[in-house]
2 protein chains.
Amino acid sequence: MDHHHHNAHHDADMEGAPLDEAFTPRQEEVLEAALGLLVEGGERAITTAGLARAANCSKESLYKWFGDRDGVLAAMIAYQASKVRVAVGGSGPQRPADTYRADLEGFGVDLLTVLSGPASLALNRLAIGQASREGSRLGDLLVARGRRAVSSRAKALLEAGRRAGHLRFEDTLDAFETLYGLILRDMHVRLMLGEHVPATNSDRAMATHVARAVDQFFRLYGADAQS
Amino acid sequence: MDHHHHNAHHDADMEGAPLDEAFTPRQEEVLEAALGLLVEGGERAITTAGLARAANCSKESLYKWFGDRDGVLAAMIAYQASKVRVAVGGSGPQRPADTYRADLEGFGVDLLTVLSGPASLALNRLAIGQASREGSRLGDLLVARGRRAVSSRAKALLEAGRRAGHLRFEDTLDAFETLYGLILRDMHVRLMLGEHVPATNSDRAMATHVARAVDQFFRLYGADAQS
DNA sequence: TCCGTACCGTACCGTTCGGTACGGTGTCAA
DNA sequence: TTGACACCGTACCGAACGGTACGGTACGGA
């Protein structure tokens, strides 16, 4: 194995350290084209020749930049995650009850908006399709890049609510996952299966659904909840 | 298009009527072999030549029975669903509160057990991977065959609980989806991504998790819940 | 015995795709 | 002007796969 030492992707070790791996503008153009192909055609639509044609680049450059086809897929996930890089802002240190509730609902709507977006769905489909293959890493990559960001932002939000006296819980992660389940239910899987999910059609529908979910969450974890 | 009128799969219309499509024992053997290939190798492992070799049958028979490769995939989903055919038993008409709670927990453990099983995960991965491709139907098929069965059983259980005075809710489907979300959270997606989910490792872990989820469900929909 | 049916195993074909090689072009620096 | 560099476009190769055709075998009924 020659190990070209191209820009550094899909190395065998890859520790927990994110190791930003910035892409050049040209590479980002190519990855954008790849995302376009993926969204409308699925994984099979990403062929090296097809991507080179769609991005007006040469196959040789693809292999120089990303190593091989799997490297392209991994780079797509890393790139998309780098775009979504949500501002994990502390959102001010103390919010009254009603605006805090609005913060939670805003998080929920953001979550629903991102996860029902075509790019997110396509990348999740890609990672899931590759998950069966041994040693694919794409799933880990997606979880590490995508979910952890959401999780950390949500957990910060929840702990702020607890400090402010709006919420009561022991395990932050557990509370977050409950909120996640109340909001998403099985919508994510159904969306990935191609089903039509009414609650994700319009902003209005999403807002009302999230409001109900947050309402349930407060009945379970609100400061005035029994037990 | 000659339209061989083989055993009747993946026709263009396919109404709501299930239309059982029984398979011959030989065909079931082949589908079982295909499931084995799928579980350990993903979709790419199901090649016509490979399946013929693994099942000791000829490619010609595959095409006679299932039409083409996509027909094999659809048949696999239909076959697996026909195996899981859960007994949607009424479970007796009136259960005291504690045993009814046990019924709910039993349902939850069954749900978790099925969805975390390798065959279910592999088929869901398959359907999701095919969902991007236009006109794939596999997602619809999986939803129709799998989810609807679970959904109808659960809704019957919930309505029995309401009739018995254990639960209070307006929309049965909504209550069911809430229960679903409380139990599964995002475990299904994470499992499909290949992640390690502790709550699905042992029967003990599943039982305790489901017990907590059902507890939360009763706090939201129990007869003694406020509002 | 003969024939039809169902099936297996193998060989074969056309296409697609991943990956490599090569010639040609623009650019920047010496 | 020269050369190094990065890149594009095209051509090419080998392998794998979907799908078809064909010869051979077991069986069951006339």
Side-chain angles (χ1 to χ4, degrees), chain A residues 1-10 22-34 37-38 41-76 126 129-130 132-136 138, chain B residues 1-10 22-34 37-38 41-76 126 129-130 132-136 138:
Chain A
M1 177 172 288
D2 41 22
H3 194 265
H4 274 140
H5 194 272
H6 44 269
N7 241 2
H9 299 278
H10 75 291
F23 298 109
T24 71
R26 184 72 185 103
Q27 290 170 0
E28 293 190 353
E29 285 178 33
V30 172
L31 292 177
E32 204 70 49
L37 289 179
L38 179 69
E43 188 212 327
R44 318 285 294 223
I46 308 214
T47 66
T48 55
L51 175 56
R53 199 177 326 115
N56 285 326
C57 75
S58 70
K59 291 174 65 174
E60 200 173 12
S61 299
L62 291 182
Y63 286 98
K64 190 196 299 186
W65 293 332
F66 308 112
D68 58 2
R69 182 176 179 273
D70 288 346
V72 175
L73 303 184
M76 289 171 62
L126 169 63
Q130 294 282 76
S132 46
R133 215 175 168 106
E134 192 56 38
S136 67
L138 283 194
Chain B
M1 179 171 287
D2 40 24
H3 193 264
H4 275 139
H5 193 271
H6 44 269
N7 242 4
H9 297 280
H10 73 292
F23 298 108
T24 70
R26 185 71 186 104
Q27 290 170 0
E28 292 191 352
E29 286 178 32
V30 173
L31 293 176
E32 204 70 49
L37 289 179
L38 180 69
E43 188 211 326
R44 319 284 294 222
I46 307 215
T47 66
T48 54
L51 176 55
R53 199 178 325 115
N56 286 327
C57 74
S58 70
K59 289 174 66 174
E60 203 173 12
S61 299
L62 290 183
Y63 285 98
K64 189 195 301 186
W65 293 332
F66 308 113
D68 58 2
R69 182 176 179 274
D70 288 346
V72 175
L73 303 183
M76 289 171 62
L126 170 62
Q130 294 284 79
S132 46
R133 211 169 174 109
E134 192 56 36
S136 68
L138 283 194

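Residue numbering restarts at 1 for every chain, and letters A, B, ... go by the order of the sequence lines.
Atom-to-atom distance recorded for B:W65:CH2 and B:T24:OG1 is 6.0 Å, nearest 0.5 angstrom. Note that CG of B:L51 and CD1 of B:I46 are 6.5 Å apart. Values are rounded to the nearest 0.5 Å.
If you take CZ of B:R53 and P of D:dA16, they are 11 Å apart, rounded to a whole angstrom. A:R69 has its CZ atom 9 Å from the C1' atom of C:dC17, to the nearest Å. Atom-to-atom, CG of B:L62 to C1' of C:dG9 comes out at 13 Å; the value is rounded to the nearest Å. Put simply, CZ on A:F66 is 16 Å from P on C:dT20, counting in whole angstrom units. Nucleotide C:dT10 holds its C1' atom 17 Å from the CG atom of B:L51, rounded to whole Å. Atom pair B:D68:CG and C:dT15:P shows a separation of 18 Å (rounding to whole Å applied). Put simply, CZ on A:R44 is 11 Å from C1' on D:dA16, counting in whole angstrom units.
Partners of A:E29 under the side chain to side chain contact (heavy atoms under 4.5 Å, CB included) rule, at least two apart in sequence or in another chain, are A:R26.
Contact of A:K59 with C:dG19 (side chain to base): a donor-acceptor pair of N or O atoms is detected under 3.5 Å.
Residues B:F66 and B:L31 form a side-chain contact, since some pair of their non-hydrogen atoms from C-beta on lies under 4.5 Å apart.
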Every protein N/O lying under 3.5 Å from an N/O of nucleotides 4-7 of chain D:
none

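In terms of modelled atom types and a separation under 3.5 Å, the side chain of A:R133 and the main chain of B:E43 share no donor-acceptor contact. Checked by atom type and distance alone, the side chain of A:R53 never pairs as donor or acceptor with a backbone atom of A:S58 at under 3.5 Å.
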